[in-house]
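These notes are about the structure you will find just below.
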Amino acid sequence: MRKLIWFACFLAFIACKEEKKESAVKEETKIAYASFGDKITDENVISKKEMAKKFESLKSGDTIAVKFASNINEVCKAKGCWMKLDLGDEKESMVRFKDYGFFVPLDADNKEVIVNGKAFVTETSVKELQHYAKDAGKSEEEIAKITEPKFTYAFEADGVLLKK
């Protein structure tokens with residue numbers, strides 16, 4: 001009977017010791033990111049390549065909730081109120097923050113980031129593009145060359161993790 005009690009105590013001691021290791025690893029993960037907006041985790045994140053495929057399958061008006069990781073190509077230098085994330089193959093996603101409720105550091109260019117929120121595609125018609133070109137003082141020849149609508153991969157983030 002004594003051996004059984006000692007064995008049970010030994011198992012409890014080992015179980016407690018392993019639990020501490022797991023919590024230490026989780027703390028390291030939390031420390032590795034600066035958080036902005038809603039609190040999010042780094043779990044269930046898709047890659048920028050997977051996100052690019054999802055964007056390609058979206059039509060204007062579609063919206064999906066998703067979390068993906070990427071690198072920041074550019075951040076708004078006035079307030080940090082938007083950023084452009086790399087999707088590979090020279091594609092980008094324009095990320096804005098929900099309700100203009102938070103900003104990212106102005107010097108966050110080229111850092112790794114995880115964003116959580118809604119992805120959608122916006123379409124600017126040929127007529128609108130030609131109007132913008134006219135307003136920008138483009139020549140009639142340049143305006144006539146605009147013959148296809150422009151699609152923008154847009155994202156409204158409710159939470160951001162910025163790798164330190």
Side-chain angles (χ1 to χ4, degrees), residues 22-139 142-143 145-164:
E22 288 179 15
S23 65
V25 171
K26 288 180 182 178
E27 286 177 20
E28 287 179 23
T29 301
K30 289 180 183 177
I31 293 170
Y33 295 100
S35 180
F36 303 91
D38 292 347
K39 298 297 176 199
I40 63 171
T41 67
D42 60 352
E43 297 171 355
N44 302 318
V45 177
I46 64 172
S47 70
K48 63 184 180 184
K49 296 273 184 189
E50 292 170 309
M51 190 64 227
K53 287 181 183 176
K54 287 188 179 287
F55 270 123
E56 290 170 5
S57 68
L58 291 176
K59 297 175 186 164
S60 185
D62 292 347
T63 301
I64 58 169
V66 66
K67 186 184 334 179
F68 75 100
S70 183
N71 294 328
I72 300 173
N73 285 344
E74 185 179 355
V75 172
C76 167
K77 296 301 178 202
K79 291 184 178 179
C81 60
W82 55 260
M83 59 186 173
K84 293 181 180 178
L85 300 186
D86 181 39
L87 295 175
D89 300 326
E90 298 183 20
K91 295 177 184 171
E92 291 182 324
S93 175
M94 179 67 172
V95 178
R96 291 187 172 84
F97 308 115
K98 186 177 179 183
D99 299 329
Y100 207 63
F102 61 95
F103 306 114
V104 294
L106 305 182
D107 62 349
D109 295 334
N110 302 314
K111 292 193 176 179
E112 292 178 42
V113 69
I114 295 172
V115 293
N116 184 74
K118 295 178 182 173
F120 53 98
V121 176
T122 59
E123 179 181 352
T124 307
S125 71
V126 172
K127 190 175 180 178
E128 286 178 283
L129 291 171
Q130 290 175 337
H131 177 78
Y132 296 146
K134 186 177 180 181
D135 286 350
K138 302 286 183 183
S139 70
E142 290 173 307
I143 294 172
K145 289 180 182 176
I146 300 171
T147 58
E148 293 184 18
K150 181 180 176 185
F151 293 93
T152 303
Y153 296 150
F155 196 89
E156 182 183 82
D158 55 22
V160 174
L161 292 176
L162 181 68
K163 193 169 186 178
K164 291 183 179 179

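From a predicted model like this one, the values you see are computed outputs, not experimental measurements. Reckoned from all heavy atoms, side chains included, excluding hydrogens, waters and symmetry mates.
Summarising the geometry, atom CD belonging to Glu112 is positioned 9.0 Å from atom OG belonging to Ser70; distances are rounded to the nearest 0.5 Å. From Asn73, atom CG reaches atom CD of Glu90 across 10.5 Å, with rounding to the nearest 0.5 Å. To the nearest 0.5 angstrom, Phe97 atom CZ is 11.0 Å from Glu156 atom CD. Interatomic distance, Cys76 SG to Lys84 NZ, rounded to the nearest 0.5 Å: 10.5 Å. The structure places CZ of Phe120 at 12.0 Å from CG of Asp62, a figure rounded to the nearest 0.5 Å. Expressed to the nearest 0.5 Å, how far CD of Glu92 lies from CD of Glu74 amounts to 7.0 Å.
Across all non-hydrogen atoms, the minimal contact from Leu162 to Lys111 is CD1-CB, 3.8 Å. Ala119 approaches Met51 most closely through the heavy-atom pair CB-CE, 3.5 Å. Scanning all heavy atoms of the two residues, the minimum distance from Val75 to Pro105 falls at CG1-O, 3.6 Å. Summarising the geometry of Gly80 relative to Leu106, their closest heavy-atom pair is N-CD2, 3.1 Å, with the distance given to 0.1 Å.
Counting heavy atoms from C-beta outward, Lys138 and Ile146 have side chains that stay 4.5 Å or more apart. Annotation: side chain of Asp89 is in contact with side chain of Lys49 (closest heavy-atom distance under 4.5 Å). With a 4.5 Å cut-off on side-chain heavy atoms, Leu58 and Tyr153 do not count as touching. Proximity of Met83 to Val113: side-chain heavy atoms (C-beta onward) are separated by under 4.5 Å at one or more points. Two residues are said to be in side-chain contact when any heavy atoms from C-beta on lie closer than 4.5 Å; Phe68 and Glu50 fail this criterion. With a 4.5 Å cut-off on side-chain heavy atoms, Ile72 and Val95 do not count as touching. Within the 4.5 Å cutoff, the side chain of Phe155 has no heavy atoms near those of the Leu85 side chain. At a threshold of 4.5 Å between non-hydrogen side-chain atoms, the residues Lys79 and Tyr100 count as touching.
Using modelled atom types, one finds no donor on one side chain facing an acceptor on the other under 3.5 Å when comparing Asn71 with Asn110.
Aromatic ring centroids of Phe102 and Phe36 lie 6.0 Å or more apart.
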Criterion side-chain contact (heavy atoms from CB on, under 4.5 Å) on Val126 and Thr147, from CA distance to verdict = CA-CA 6 Å; Val126 172; Thr147 58; 5.6 Å; no
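Checked for salt-bridge contact, Asp109 and Lys77 meet the test: a charged N lies under 4.0 Å from a carboxylate O.
Of the residues listed (Asp42, Thr41, Val115, Ile46), the one engaging Lys67 in a side-chain contact (heavy atoms from CB on, under 4.5 Å) is Thr41, and it is the only one.
Within 6.0 Å of NZ on Lys98 lie no more than 12 heavy atoms contributed by other residues, nucleotides or ligands.
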